[in-house]
Amino acid sequence: LVIIFNTVHDPLSASIGFSILGCAITWRLVPALKDSFLKANLTGKDVNKLDKQIIPESMGVVCATVYLVCLFLFIPFPFMEWFTGKGIISRTEEFHAPTFPHHKLGEFLSAMLSLQSMTFLGFADDVFDIRWRYKLLLPTIASIPLLMVYYVNFGETHIIMPIPLRFLLGRVVDLGLLYYVYMGMVAVFCTNSINILAGINGVEVGQSLVIACSIAINDYLFLNGSSPAVEAHLFSLYFILPFIGVSLGLIMHNWYPSRVFVGDTYCYFAGMTFTVVGILAHFSKTLLLFFIPQIFNFIYSVPQLFKLIDCPRHRMPKFNPTTQKLNYSRVHIQKPLGIPAFVILKIFSSLGLVEITELENSIEVNNFTLLNLLLLKFGPMNERTLTIVVIIIQIFTSCIAFIIRYRLVHLFYEI
Ligand code: UD1
Ligand code: MG
């Protein structure tokens, strides 16, 4: 609080102050609300343990609420000069009196509306266990306020083509309405891709924290640049820093062995936070570079998500009570195989992505997720070790993302 009150004119320091506050409040609030969640039957079974305890789920809603309250309290800070007189002085100094930056306030409010809607819909998913096809729709709905303000404030739908592709479509292409479809798809991807790289203690928050820190580092690298970029990346930092704060508060209770589960609420809330900053600060392509493991897991999952291969309700790894380690989980497919299933299995097995066991009337194959693939390649692991391996991969791919964005970019664009 001291930092916040001392830094009225420095929104970034205020944001750091609110992030620390958000972390502390989430850390205290989550255990305090555990019993209320248990009473309300917001619970889940910790399936990868011997005793399979029932623990509170959907704790992401606590984390998202603290985050939103921090952001509500933060709103005046970027506009402080308008309230403290500095803005009035500059108004008299200039010939054309500047007006209050309503567009900036509009961006803030629409971003928060999208985040709030996503949290609400994610919580509804946790309570009602919504079916997959509707899950895909939820982020599209929540991103509408964001797309609306993008249309009004920027409306930019031209993209600069990468140099190797220019011979096909020229240097600049106007995507028009397709650009909005693309932005809606970013929201659907960011939210769901985190939700399907899940099911072991700490992995949802762990991967989100690495992505958030990568975004924050990328924003920081822009702060000494030209004015519009600085403003956009400051905007991104105002949203990402409190996210890092509340996620740190949550992971302390979600880390192995979990005392609480974060639920779909957290996965949607995290994905939407990344979408908001990626779209409104104009770095959606760089944002997607920080999602390399999620992109891999999504593409790998496509045959099961689109039911070309059977998809059980849960695809998380299987716990072996004797060794207390996780092994990859499998799915049974009845023979004869359909043509799509046959082709997919052929391609995946030639790439070393599946292990197939032939049975009399069926075949058995590992579920197509990154978690199962790691267990297939490196052998059975303890749950905590697997989470750490996923986080290390996320950090490693973020480093690759930075190399692509700041070194290899010259091959694709003249920057
Ligand atoms: C997605 C995945 C599903 C995976 C599940 C795990 C797809 C298509 N769906 O489904 O395969 O099994 O996430 O979250 O890929 N749980 C644990 N330990 C944890 C976290 C979760 O045991 O650390 C269990 C709990 O029983 C919890 C449940 O997973 O109740 C949550 O599943 P839910 O988020 O409802 O599954 P989906 O998101 O629908
Ligand atoms: Mg989930």
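Every value quoted in this text rests on a predicted model; they were computed, and no experiment measured them. We number each residue from 1, following the sequence as shown. Whatever order the structure lists them in is the order used to number ligands and atoms, beginning at 1.
- A parallel orientation is assigned to the rings of W27 and H253, their planes being inclined by less than 30° (bins at 30° and 60°).
- Note that OG1 of T322 is 9.0 Å distant from CZ of F319, once rounded to the nearest 0.5 Å.
- Side-chain contact check for Y266 and S247: at least one donor-acceptor pair (N or O, by modelled atom type) lies under 3.5 Å.
- Close approach to L305 involves these atoms of ligand 1, each under 4.0 Å from a residue heavy atom: 8 (C).
- Checked against the 6.0 Å centroid criterion, the rings of F222 and F283 do not qualify as a close aromatic pair.
- Of all protein heavy atoms, the one closest to atom 6 (C) of ligand 1 is G199 CA, 3.5 Å.
- No more than 12 heavy atoms of other residues, nucleotides or ligands sit less than 6.0 Å from atom CE of M185.
- Each of the following atoms of ligand 1 lies closer than 4.0 Å to a heavy atom of D46: 18 (N), 22 (O).
- Once rounded to the nearest 0.5 Å, the distance linking CG of L197 with CD1 of I295 reads 12.0 Å.
- Scanning the protein heavy atoms around atom 26 (O) of ligand 1, the nearest turns out to be K45 O, 2.6 Å.
- Surrounding OH of Y406 are more than 12 heavy atoms belonging to other residues, nucleotides or ligands, all under 6.0 Å away.
- Geometrically, ligand 1 and D129 share no nitrogen or oxygen pair separated by less than 3.5 Å.
- Protein heavy atom nearest atom 38 (O) of ligand 1, with residue, atom name and distance: N195 OD1, 2.9 Å.
- Atom numbering of ligand 1 starts at 1 in the shown order; those under 4.0 Å from a heavy atom of G44 are 30 (O).
- Residues Q334 and N361 approach most closely at OE1-O, 3.3 Å, considering heavy atoms.
- For ligand 1, the polar-atom distance check finds no N/O of N48 at less than 3.5 Å from any of the ligand's N/O atoms.
- Annotation: atom 34 (O) of ligand 1 to nearest protein heavy atom, D264 OD1, 2.8 Å.
- Within the 2.8 Å limit, D264 places at least one N, O or S atom next to the Mg ion (ligand 2).
- One distance of note links CD1 of I200 with CZ of R384; it measures 12.0 Å at 0.5 Å rounding.
- The protein atom (non-hydrogen) at minimum distance from atom 10 (O) of ligand 1 is R313 NH1, 3.7 Å.
- For the 3.5 Å distance criterion, the side chains of E156 and H158 qualify, holding a donor opposite an acceptor.
- Judged purely by distance below 3.5 Å, without hydrogens or angles, the side chains of T273 and Y67 never pair a donor atom with an acceptor atom.
- Inclusion of V47 in the set of residues having an N or O under 3.5 Å from an N or O of ligand 1 is warranted.
- Of the candidates H314, R315, K49, H314 brings a heavy atom nearest to atom 32 (O) of ligand 1.
- Only the backbone of I200 comes within contact range of ligand 1, with a heavy atom under 4.0 Å; no side-chain atom does.
- By the criterion of a heavy-atom distance under 4.0 Å, neither the backbone nor the side chain of Q304 is placed next to ligand 1.
- Atom 19 (C) of ligand 1 has its closest protein heavy atom at F261 CE2, 3.2 Å.
- Regarding atom 39 (O) of ligand 1, its nearest protein heavy-atom neighbour is K135 NZ, 2.9 Å.
- Below 4.0 Å from some heavy atom of A198 lie the following atoms of ligand 1, by number and element: 6 (C), 14 (O).
- Close placement of the F189 and F291 rings is indicated, their centers lying within 6.0 Å of each other.
- Close approach of ligand 1 to W132 is summarised as follows: ligand atoms under 4.0 Å from at least one heavy atom of the residue are 7 (C), 8 (C), 9 (N).
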Run the numbers on F402 and F290 for ring-ring contact (aromatic ring centres under 6.0 Å, His included), then give the verdict.
-> CA-CA 9 Å; F402 277 107; F290 296 137; 5.2 Å; yes
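- At the top of the distance list for atom 30 (O) of ligand 1, counting protein heavy atoms only, stands E57 OE1, 2.7 Å.
- An N or O contact shorter than 3.5 Å is missing between E204 and ligand 1 by distance.
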